[in-house]
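To start, the structure itself, in structure tokens.
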There are 2 protein chains.
Amino acid sequence: MAKQFSETAHIDSVKNGIKKCFAELDTFTNEDIDAAVELITIKTLKKGEHLLREGEVSAKSYSIVSGCVRQYYLVNGEEKTTFFYTEGQSIFSPNSNTERIPVKYYLSCVEYTTLSVISLENQKEMYSRFPVLESMSRLSLQEELHNYQEMLATYITTSPEERYLNLLKFRPELLNRVPQYQLASYLGVTPESLSRIRKRILLK
Amino acid sequence: MAKQFSETAHIDSVKNGIKKCFAELDTFTNEDIDAAVELITIKTLKKGEHLLREGEVSAKSYSIVSGCVRQYYLVNGEEKTTFFYTEGQSIFSPNSNTERIPVKYYLSCVEYTTLSVISLENQKEMYSRFPVLESMSRLSLQEELHNYQEMLATYITTSPEERYLNLLKFRPELLNRVPQYQLASYLGVTPESLSRIRKRILLK
DNA sequence: TCTATACATTGACTTTGGGTAAGAAATTAT
DNA sequence: ATAATTTCTTACCCAAAGTCAATGTATAGA
């Protein structure tokens, strides 16, 4: 990823990828697809750059094409990580979007990240033009709610060590992509404790 | 709540209460309201009775009129409480409803509880007849998602003691309604630890 | 390539929570 | 009202996690 990497070429190829996704639904004509993709923009962010900061109002929905975005809160000077978004996951702040309420968290890139972005206005337009997409999004809203219900339940019912083992099982890629101190705060422990947990597990 | 308590009278008064709620929206005629309320049933449950058990498929949505419902998981013999629903809150299992997937948790009444119930079919009918209600429900779905995002974040970023203090601040009624061992598992600790936490706080 | 910085591990010590068991207090049922 | 049961508290000891400080190890920048 040095001299010969062209951002514009990258973005074009991403847009083509999205068109292919639409094509697979095969309810759309080519013109439909072009029109829909017109409503989307592609955004790339370098490692460490922020997508959103505490106090800002979100007026967009994102979907991760490649890379990793971390959600964290700043609680008296400390970053408390609450989520990692990776390929295929979408990011939106339900009530900030609809009610113009500032968010309380940060969204920061763990690595070079490519996102598809759609503004609220364009989203409305897209839904009114392609109602299928709206029902799809309602379904994914429901699924997302269900996911969060389960995540909360899992968090309440497990110890840090179990959470680390769950991470190993269900999102092993994260371990190689994310610095340990961020994983630690995601698991609800200090980096020192995570280090000890890892040691304990190795000894078994 | 003894001899002179009449269940049917209670249910009638609850239905009237609901009609008044609809009336306040004032987009409905009286016939509309009657028709809508026809689609709803009222259910009462005694303390300790279950609304839903692990393995069952939920085909209904509930809203608490009065009382308190506890959600818990059974993890190798232990009840792990993950939520308390009280007056005004609604209970539904997004993906069990739409995908017919069995739920993994229990819903049990902490005290005598009155619920309004609507089946999925009736819900569809209600939405097609009164589209306002559908957009309202989509909004509340979003809000619910936002709530869960915040709850997860809060849970990750706080200690059991802080969570207890938060409960004191934001849901103090729960402390008098819910037995401590259930609160304890909701806070992610044993009853003994909650007892110690309470003592520690008193000493400050 | 070397250096500065960030990140990870380890150790000593403190605090907090878990496990068990016993007894006190409060509820519930008879 | 009394007995039975459930719930809550306390005490003990142990394990796990927090804190602080020191030491390695990686990484990124100059």
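Basis for what follows: all heavy atoms, side chains included, without hydrogens, waters or symmetry-related copies. Here is the naming used below: chain letters follow the sequence lines, and residue numbers restart at 1 for every chain.
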Within this structure, what is the [atom1]-to-[atom2] distance between [X] and [N], rounded to whole angstrom?
X        : N      : atom1 : atom2 : result
B/Leu165 : C/dT16 : CG    : P     : 13 Å
A/Lys46  : D/dG29 : NZ    : P     : 11 Å
B/Glu111 : C/dT28 : CD    : P     : 12 Å
B/Ile197 : C/dT15 : CD1   : C1'   : 12 Å
A/Glu162 : C/dG18 : CD    : C1'   : 13 Å
B/Ile201 : C/dT15 : CD1   : P     : 17 Å
B/Arg196 : C/dT15 : CZ    : C1'   : 12 Å
B/Arg200 : C/dT14 : CZ    : C1'   : 13 Å

Q | Per A/Glu192 side chain, nearest of listed nucleotides C/dT10, C/dG18, C/dA21 | A |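 Among the listed nucleotides, the one closest to the side chain of A/Glu192 is C/dT10.
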Q | A/Arg198, nearest nucleotide to its side chain (from D/dA17, C/dT9, D/dT10) | A |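 Closest nucleotide among those given: C/dT9.
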Q.
For A/Ser195 and B/Ser193, find the nucleotide of DNA chain C closest to each by heavy atoms; which residue's nucleotide sits nearer the 5' end?
A.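 Final value for this comparison: A/Ser195.
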Q: May I ask you to say what B/Leu194 touches in the nucleic acid, namely base, sugar-phosphate or nothing, with a heavy-atom cut-off under 4.0 Å?
A: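 Answer is nothing: B/Leu194 stays at 4.0 Å or more from every strand.
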Q: Looking at every strand, decide which applies to A/Gly48 at a 4.0 Å heavy-atom threshold: base, sugar-phosphate, or nothing.
A: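 The residue A/Gly48 makes no contact with any strand.
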Q: Could you tell me whether the side chain of B/Ser185 and the main chain of B/Gly188 form a donor-acceptor pair under 3.5 Å?
A: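 A pair under 3.5 Å: no.
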Q. Near DNA chain D, which residues from residues 169-181 of chain B have a heavy atom under 4.0 Å away?
A.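 Heavy-atom cutoff 4.0 Å gives B/Pro179, B/Gln180, B/Tyr181.
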Charged N to carboxylate O below 4.0 Å: is that the case for [X] and [Y]?
X        : Y        : answer
A/Arg70  : A/Glu79  : yes
A/Arg129 : A/Glu125 : yes
A/Glu87  : A/Arg177 : yes
A/Glu24  : A/Lys19  : no

Q: Would you tell me whether A/Gln71 and A/Thr82 have side-chain atoms, one donor and one acceptor, within less than 3.5 Å of each other?
A: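 A/Thr82 and A/Gln71 do have a side-chain donor-acceptor pair below 3.5 Å.
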Q: Indicate whether OP1 or OP2 belonging to D/dA17 is found under 4.0 Å from a side-chain N or O atom of A/Thr190.
A: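 So the side chain of A/Thr190 is outside the cut-off, no N or O lying under 4.0 Å from OP1 or OP2 of D/dA17.
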(Q) Can you see if the side chain of B/Lys199 gets near the phosphate of D/dC8 - specifically, an N or O under 4.0 Å from OP1 or OP2? (A)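 No, no such contact exists.
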Q) Is B/Arg171 close enough and on-axis enough to B/Tyr164, meaning under 6.0 Å and within 45°, for cation-pi? A)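 Cation-pi check for B/Arg171 and B/Tyr164: fails.
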